[in-house]
Amino acid sequence: MNHRRALRAAVTIAVTGALAAGMTMTLTSTASAGTTLRASAAEKGRYFGAAVATGKLSTSVYATILNREFNSVVAENEMKWDATEPQQGRFSYTGGDRLVSHAQANGMSVRGHALLWHQQQPGWAQGMSGSALRNAAINHVTQVATHFRGKIHSWDVVNEAFADGGSGGRRDSNLQRTGNDWIEAAFRAARAADPGAKLCYNDYNTDGINAKSTGIYNMVRDFKSRGVPIDCVGFQSHLGTSLAGDYQANLQRFADLGVDVQITELDVMTGGNQANIFGAVTRACMNVSRCTGITVWGVRDCDSWRGSDNALLFDCNGNKKAAYTNVLNALNAGPAIPTDPPTDPPTDPPTDPPTTPPPGTGGCSASVSLNSWTGGFVATVKVTAGSAGTNGWNVGVTLASGASVTNTWSATASGSTGTVRFTNVDYNGRLGAGQVTEFGFQGTGSGAGITPTCTAS
Ligand code: G3I
């Protein structure tokens with residue numbers, strides 16, 4: 001596929017006028033004054049990420065911006081099939097592992113990109129077909145997702161499988177020719193290998209309600225109805241000089257299917273509208289409560305695959321552009337993702353509030369989302385710091401009889417049955433006021449009735 005040609009086509013067909021509409025949108029403003037993208041996004045329960053080439057982590061201007069501004073990273077190339085399995089059955093994780101280490105040391109989550117894609121396949125896979133390719137592809141998903149298990153926030157399980165143009169159908173590829181069920185087979189394999197990662201379908205030219213995005217919408221609706229494990233849809237958002245008027249409405253219709261949505265590869269053609277489009281995309285995400293994060297496809301203009309388009313938030317010297325300011329302002333002005341209501345409100349609240357709060361009260365709160373199946377479950381726990389922030393936190397849960405914890409990520413578990421306590425790891429204990437982090441655990445038995453309580457230190 002000629003991605004640049006497709007991109008130009010997308011730019012030409014983008015609907016004009018919408019941007020102005022987006023810019024005059026009334027927002028429910030939440031007072032906030034974050035001064036970096038990562039702090040402002042975290043205050044609203046979201047991440048703000050960048051695509052990274054790990055070779056650049058040793059460039060100080062690059063690393064300084066990355067660590068200051070972003071709390072999520074994705075490998076621009078190093079977790080793709082050609083990089084991770086250059087020879088069949090021989091896996092190489094050097095670049096991906098390096099990025100995960102960097103992320104963990106700097107309080108960042110990691111998007112995994114991409115388990116299966118028709119591009120950047122190793123030569124040995126390009127030459128395969130039929131059941132041999134299907135088996136090799138599913139083995140690839142299993143091996144790579146297993147290697148990174150517990151370290152990936154969201155995986156792009158399948159990337160760019162739909163055709164451009166008006167068909168709304170699948171793209172022809174060697175993977176597609178193994179049978180139309182290759183995508184769901186990949187999602188099932190990914191879930192089995194890393195039950196804690198959110199599993200996304202990711203594509204471009206989906207920046208509004210059009211034939212391609214509708215084809216994907218129909219697939220997601222079908223997957224949800226049949227129990228195929230899909231949790232999120234990524235909208236790459238490689239944008240031109242205008243933005244579709246229904247950009248936000250398109251995100252919302254996917255969210256209404258019961259999946260998260262993420263802006264996964266945002267970059268915008270330079271020119272008069274660039275800053276406005278960056279702001280409008282950010283506002284659209286903020287206005288969709290299931291839009292959980294935004295990733296820009298590179299740090300500085302010179303890091304971008306789009307070369308002279310100068311498509312990013314920082315110039316080549318590392319200076320913030322007008323687009324940066326618009327994104328930051330939109331993050332600060334936008335609403336936070338609503339937190340889950342408490343499951344068990346106290347039936348008999350105390351009439352006299354205690355004069356000295358018990359240790360940790362008000363210091364943090366925790367909520368859980370469960371993914372259950374017969375005989376097992378994965379719990380994702382969101383920890384939110386109170387007004388004083390935290391130096392560390394501890395979350396307790398009481399498991400149902402017969403249930404036990406078998407695997408934990410982004411926290412350390414004490415015990416495995418009955419009451420189990422989870423303590424922060426090095427990189428996620430220190431949270432600013434209102435800042436959010438997540439950890440997870442897998443268990444056997446029933447996850448019913450888990451109600452986490454959080455204590456801050
Ligand atoms: O690493 C080799 C180097 O050894 C060799 O000398 C050089 C010669 O061409 O190539 C280098 O590999 C290049 C690689 O980027 C790393 O720089 C590839 O040629 C080049 O094709 C590859 O481009 C990447 C492109 O995906 C491949 O399709 C871009 O960096 C990357 O930004 C781009 O990312 C994609 C997303 O994965 C999916 N969505 C679209 C997005 C933009 O195209």
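Just so you know, ligand 1 is whichever comes first in the structure, and atom 1 is the first atom listed for that ligand. Quick caveat, the model's predicted, so the values are computed rather than measured. Just so you know, these numbers use all the heavy atoms, side chains as well, and skip hydrogens, waters and symmetry mates.
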Colleague: Look at the rings of Y217 and F254 and say which category their plane angle falls in: under 30° parallel, 30 to 60° tilted, over 60° perpendicular.
Modeller: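 Ring orientation of Y217 relative to F254: perpendicular.
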Colleague: Could you list the residues that satisfy side-chain hydrogen bond (donor to acceptor under 3.5 Å, both in side chains) with T214, not counting sequence neighbours?
Modeller: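 Partners of T214 by the side-chain hydrogen bond (donor to acceptor under 3.5 Å, both in side chains) criterion, ordered by chain and then number, come out as R253.
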Colleague: If we only count N/O pairs under 3.5 Å, is Q120 in contact with ligand 1?
Modeller: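 Between Q120 and ligand 1, an N or O pair is found under 3.5 Å apart.
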Colleague: Strictly under 6.0 Å, is that where the ring centroids of Y93 and H147 end up?
Modeller: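 That pair passes the under 6.0 Å test.
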Colleague: Check each atom of ligand 1 against the heavy atoms of H238 and keep those under 4.0 Å away; list them by number with element.
Modeller: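 The atoms of ligand 1 under 4.0 Å from a heavy atom of H238 are 40 (C), 41 (C).
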Colleague: With heavy atoms of Q236 as the reference, note each atom of ligand 1 found under 4.0 Å away.
Modeller: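 Checking each atom against Q236, I get 39 (N), 40 (C).
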Colleague: Within the 4.0 Å heavy-atom shell around N159, which atoms of ligand 1 are there?
Modeller: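 By the 4.0 Å cutoff, the relevant atoms are 38 (C).
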Colleague: Check each heavy atom of Y204 against ligand 1 and say whether those closer than 4.0 Å belong to the side chain, the backbone, both or neither.
Modeller: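 None of Y204 does.
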Colleague: If the condition is ring pair (Phe, Tyr, Trp, His ring centres under 6.0 Å), which residues does Y47 pass it with, not counting sequence neighbours?
Modeller: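 Counting only residues at least two positions away or on another chain, Y47 forms a ring pair (Phe, Tyr, Trp, His ring centres under 6.0 Å) with H153.
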Colleague: Nearest non-hydrogen contact with atom 33 (C) of ligand 1 belongs to which option: E265, K80, M79, Q119?
Modeller: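 Among E265, K80, M79, Q119, the closest heavy atom to atom 33 (C) of ligand 1 belongs to K80.
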Colleague: Are a donor atom and an acceptor atom from the side chains of N202 and W117 found within less than 3.5 Å of each other?
Modeller: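 Result is no, nothing qualifies.
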